[in-house]
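First the structure, in the form of structure tokens, and then the observations on it.
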Amino acid sequence: MARKPAPDVPTDAARCPWCSAALRQTGLATCPSCGASLTETDAADVPGLTRIDPEAILRSRSPSQKSRGLMGWLSGEYRDRPAEAEPKGTFEPPDDEVRREMLRMEVVALEARVE
């Protein structure tokens, strides 16, 4: 059984090689149906395919390499870094006011346990 062409599409119309849609005009740059390129572009100017794209290389680089922790140490991929100075007051005992509050909270917890 032969298919009849659509009334608005001429039988000798060109077709898109990608989606096989009938093209109403010849010489189109892109297919109106699928948007595929119908004309050959300059193949010598395709970044990443025919030449190295330095911008893509710069975008793909990570800003800094992070430490791998224990796995890095076991595999030998560690660097000896100088110990960073701790902020002043990091390991000092708490003030007297803080100690009083801690003792008060401990007494309240013991009273709650007894009740």
Side-chain angles (χ1 to χ4, degrees):
M1 180 151 61
R3 290 178 55 186
K4 292 182 182 179
D8 58 346
V9 178
T11 56
D12 58 342
R15 296 208 171 269
C16 172
W18 302 103
C19 68
S20 299
L23 302 174
R24 296 179 194 267
Q25 300 173 357
T26 58
L28 292 174
T30 59
C31 174
S33 177
C34 67
S37 178
L38 299 175
T39 59
E40 188 173 331
T41 60
D42 185 16
D45 194 31
V46 180
L49 182 64
T50 57
R51 67 179 172 89
I52 296 174
D53 187 11
E55 294 167 3
I57 293 171
L58 292 176
R59 283 191 307 263
S60 68
R61 286 188 183 165
S62 61
S64 64
Q65 202 169 26
K66 294 185 178 184
S67 172
R68 291 185 51 207
L70 180 62
M71 292 304 294
W73 181 77
L74 289 174
S75 65
E77 295 176 7
Y78 63 92
R79 292 184 229 159
D80 293 330
R81 290 187 224 160
E84 296 177 8
E86 297 292 330
K88 186 177 180 181
T90 303
F91 295 109
E92 293 180 1
D95 296 338
D96 290 336
E97 185 178 329
V98 174
R99 287 183 183 181
R100 274 189 242 114
E101 182 64 24
M102 290 169 62
L103 287 173
R104 186 191 70 74
M105 291 173 70
E106 188 176 343
V107 168
V108 169
L110 288 173
E111 286 177 354
R113 199 180 309 166
V114 170
E115 291 177 358

Could you tabulate the donor-acceptor pairs under 3.5 Å formed by side-chain atoms of residues 103-115, not counting sequence neighbours?
from: Arg104; atom 1: NE; to: Glu101; atom 2: OE1; distance (Å): 3.3
from: Arg104; atom 1: NE; to: Glu101; atom 2: OE2; distance (Å): 3.4
from: Arg104; atom 1: NH2; to: Glu101; atom 2: OE2; distance (Å): 2.6

Practice task
Locate the shortest heavy-atom distance separating Leu38 from Pro17; write the atom from each residue and the value.
Solution key: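 In terms of heavy atoms, the two residues are closest at CD2-CD, 3.7 Å.
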
Practice task
Indicate the atoms forming the closest heavy-atom contact of Arg99 with Pro94, along with that distance.
Solution key: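 So the two residues come closest at NE-O, 3.5 Å.
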
Problem - Side-chain touch Cys31/Cys19, heavy atoms, less than 4.5 angstrom - result: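 Cys31 vs Cys19: side chains touch.
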
Problem - Gln25 vs Pro32 side-chain heavy atoms within contact, under 4.5 Å - result: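 Of all side-chain heavy-atom pairs linking Pro32 with Gln25, none is under 4.5 Å.
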
Exercise for the section: Carefully, step by step, assess Cys16 and Cys34 under the rule side chain to side chain contact (heavy atoms under 4.5 Å, CB included). Expected result: CA-CA 9 Å; Cys16 172; Cys34 67; 3.9 Å; yes

Exercise for the section: Could you tell me the separation between the OG atom of Ser37 and the CH2 atom of Trp18, rounded to the nearest 0.5 Å? Expected result: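 Separation between the atoms: 9.0 Å.
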
